[in-house]
Amino acid sequence: MRIVSLDEESRRDILDRLLRRSPNNYESYNETVTEIVEQVRTEGDRALLEYTNRFDCESIDASSLRVTEEEVKEAYARIDQRLLQTIRKALGNIRTYHEKQKRYSWFDTTPEGTMLGQKVTPLQAAGVYVPGGKAVYPSSVLMNIVPARIAGVEKIIMATPCNRQGKVNPAVLVAAKEAGADEIYKMGGAQAVAAMAFGTESVPKVDKITGPGNIFVALAKKAVSGYVSIDSIAGPSEILVLADETANPRFIAADLLSQAEHDEMASAILVTTSRELAQRVSEEADAFVKNLSRKEIIQKSLDNYGYLLVADTREAALETVNLIASEHLEIVTKNPFEDMMKVKNAGAIFLGEHSSEPLGDYFAGPNHILPTNGTARFFSPVSVDDFVKKSSIVYYSREALEQVHEDIEYFAEQEQLTAHANSIRVRFKD
């Protein structure tokens, strides 16, 4: 891995390079995605099935698009029993964590005769997207469905690509059943996003779409945003490790590669004040890559978006961490909890040498659907909040309104909105 001395110029160059990975910069795909979305919107099943036959399985039709109970039972028969038990353990941890996020309606009253409050209502229907291209992701099934289920969403549908034989991976189907999906559809890509956003003859329309996917999925979510809500427009995976001379270079190298294997465009970065550590991490990473099954993908990721950044000071290192605003941040320093308090921008933060990023991907409980490409500056992980909406509640008695009506009328008149003022005034005219 390359070692770079961190200064203003190198930091700016790296940030510019990382931002090129954003879905917002893939204009060459926009026309294709827009065409797919528009055709599914206007032609429904006909377009959805045409694209599904072209990209996934030629034998899928309206009668086989939805996964049947028999197919789910078959998946349970085929899944390795240890994997089933592992899914159930992870599901318990994820459910326990997300239960703590649940929101409740509240109302406050006063003796003057007012009541103000907030009514929390679950979305009626949610669509979750689970990728199925370069790898299989039952973990993403759990992370999508569990918060929606806890929020109280009435109907949860899942879209995931099938293979050329029209089958969905058994682990994905079992995870969906265990987590509580109501309906599962064999569809992927931009056409699946469009189908959930607008509805077709076979696929119900939803209120929100969540979940990661490739560039076509990301751009399709962007295209339908406004017709439905979305979580965020996810880019390639990324990890940033903040470490000092006390860190174990072998652990850090392994953690960096755990994200580099996702995608040729994945980003893996170390920020440290120790050049010696950077050198040792580079050596360990090179040794690991030779023996890993996805070494071609990992090497391309490291060549394009892998960096070992050496900062002069701890302050400069922390400033870089906040500027990059990584999806995953590991803090492996002498005082990780102290350093964590100075981090403002990160999707998920892992503290200490035994809290490696895959712990969050699979098992700990917090959601692994996270903001990428610097959007951790303003986006959050998927949570129960993503699947509820909040309504403001206002009640004033006549007596309470009488005490403030002149202030409201004056305020409205200052904005030259006389109908607003009149709406209040008529209640106190003889």
Parallel, tilted or perpendicular: which fits the ring planes of Phe251 and His354, with parallel below 30° and perpendicular above 60°?
tilted

Give me the ring orientation class for Tyr29 and Phe216: parallel if the planes are under 30° apart, tilted from 30 to 60°, perpendicular past 60°.
perpendicular

Assess the residue pair Asp13 and Ser10 against the criterion (side-chain hydrogen bond (donor to acceptor under 3.5 Å, both in side chains)); give the C-alpha distance rounded to whole Å, side-chain angles, the decisive distance to 0.1 Å, and a yes or no.
CA-CA 5 Å; Asp13 289 346; Ser10 63; over 6 Å; no

side-chain contact (heavy atoms from CB on, under 4.5 Å) for Tyr129 and Thr210? Distances and angles first, verdict last.
CA-CA 6 Å; Tyr129 186 88; Thr210 64; over 6 Å; no

Check step by step if side-chain contact (heavy atoms from CB on, under 4.5 Å) holds for Leu318 and Leu242.
CA-CA 8 Å; Leu318 283 162; Leu242 174 67; 3.7 Å; yes

For a quick test of reading the model, state the closest non-hydrogen atom pair linking [X] to [Y] and the distance between them.
{"X": "Glu353", "Y": "Asn248", "result": "OE1-CB, 4.1 Å"}
{"X": "Leu351", "Y": "Ile349", "result": "CD2-CG2, 3.7 Å"}
{"X": "Ala247", "Y": "Ile252", "result": "CB-CD1, 3.5 Å"}
{"X": "Ala62", "Y": "Ser202", "result": "CB-OG, 3.9 Å"}
{"X": "His98", "Y": "Ile150", "result": "CB-CD1, 3.6 Å"}
{"X": "Ser326", "Y": "Ala376", "result": "O-CB, 4.2 Å"}

Decide if atom [atom1] of [X] counts as having more than 12 heavy atoms of other residues, nucleotides or ligands within a radius under 6.0 Å.
{"X": "Phe337", "atom1": "CZ", "value": "no"}
{"X": "Lys344", "atom1": "NZ", "value": "no"}
{"X": "Glu74", "atom1": "CD", "value": "yes"}
{"X": "Glu58", "atom1": "CD", "value": "no"}
{"X": "Phe107", "atom1": "CZ", "value": "yes"}
{"X": "Tyr76", "atom1": "OH", "value": "yes"}
{"X": "Gln85", "atom1": "CD", "value": "yes"}
{"X": "Lys205", "atom1": "NZ", "value": "yes"}

Quick test of your reading of the model: are [X] and [Y] salt-bridged, counting only N-O distances below 4.0 Å?
{"X": "Asp386", "Y": "Lys208", "value": "yes"}
{"X": "Lys186", "Y": "Glu71", "value": "yes"}
{"X": "Arg103", "Y": "Asp385", "value": "yes"}
{"X": "Arg280", "Y": "Glu284", "value": "no"}
{"X": "Lys177", "Y": "Asp182", "value": "no"}
{"X": "Glu261", "Y": "Lys295", "value": "no"}
{"X": "Glu319", "Y": "Arg11", "value": "yes"}
{"X": "Lys73", "Y": "Glu70", "value": "no"}

With Arg314 as partner, the option from Asp244, Asp339, Thr273 fulfilling side-chain hydrogen bond (donor to acceptor under 3.5 Å, both in side chains) is Asp339

For the backbone of Gly166 and the side chain of Asn163, can you confirm whether one donor and one acceptor N or O come within less than 3.5 Å of each other?
yes

Determine whether [X] and [Y] make a side-chain contact, defined as any pair of heavy atoms from C-beta on separated by less than 4.5 Å.
{"X": "Tyr307", "Y": "Ile3", "value": "no"}
{"X": "Ile331", "Y": "Phe350", "value": "no"}
{"X": "Pro212", "Y": "Ile369", "value": "yes"}
{"X": "Leu417", "Y": "Glu415", "value": "yes"}
{"X": "Val128", "Y": "Ile157", "value": "no"}
{"X": "Met158", "Y": "Val130", "value": "yes"}
{"X": "Val4", "Y": "Leu308", "value": "no"}
{"X": "Leu309", "Y": "Leu270", "value": "no"}

Stepwise side-chain hydrogen bond (donor to acceptor under 3.5 Å, both in side chains) test for Glu238 and Tyr305:
CA-CA 9 Å; Glu238 54 200 30; Tyr305 302 105; over 6 Å; no

Quick one: [atom1] on [X] to [atom2] on [Y], what's the gap to the nearest 0.5 Å?
{"X": "Arg164", "Y": "Ser59", "atom1": "CZ", "atom2": "OG", "value": "9.0 Å"}
{"X": "Phe387", "Y": "Arg149", "atom1": "CZ", "atom2": "CZ", "value": "10.5 Å"}
{"X": "Ile239", "Y": "Ser301", "atom1": "CD1", "atom2": "OG", "value": "11.0 Å"}
{"X": "Leu256", "Y": "Ser267", "atom1": "CG", "atom2": "OG", "value": "9.5 Å"}
{"X": "Lys155", "Y": "Gln124", "atom1": "NZ", "atom2": "CD", "value": "10.5 Å"}
{"X": "Leu65", "Y": "Glu201", "atom1": "CG", "atom2": "CD", "value": "11.0 Å"}

List the steps, then state whether side-chain contact (heavy atoms from CB on, under 4.5 Å) holds for Leu6 with Thr320.
CA-CA 9 Å; Leu6 192 59; Thr320 301; 3.0 Å; yes

When you compare the side chains of Glu327 and Ser237, does any donor N or O come within less than 3.5 Å of an acceptor on the partner?
yes

Could you tell me whether the side chains of Asp61 and Ser63 share a donor-acceptor contact shorter than 3.5 Å?
yes

Applying the side chain to side chain contact (heavy atoms under 4.5 Å, CB included) criterion to Leu123, which one of Val388, Asp207, Val228 satisfies it?
Asp207

Please step through side-chain contact (heavy atoms from CB on, under 4.5 Å) for the pair Leu329 and Val321, ending with a clear verdict.
CA-CA 8 Å; Leu329 170 64; Val321 166; 3.8 Å; yes

Taking it one step at a time, do Glu183 and Tyr185 satisfy side-chain hydrogen bond (donor to acceptor under 3.5 Å, both in side chains)?
CA-CA 7 Å; Glu183 298 173 9; Tyr185 292 88; 2.5 Å; yes

Run the side-chain hydrogen bond (donor to acceptor under 3.5 Å, both in side chains) test on Glu357 and Gln259 for me, step by step, so that the C-alpha distance in whole Å, both residues' side-chain angles and the decisive distance to 0.1 Å come before the verdict.
CA-CA 8 Å; Glu357 187 281 334; Gln259 292 308 289; 2.5 Å; yes

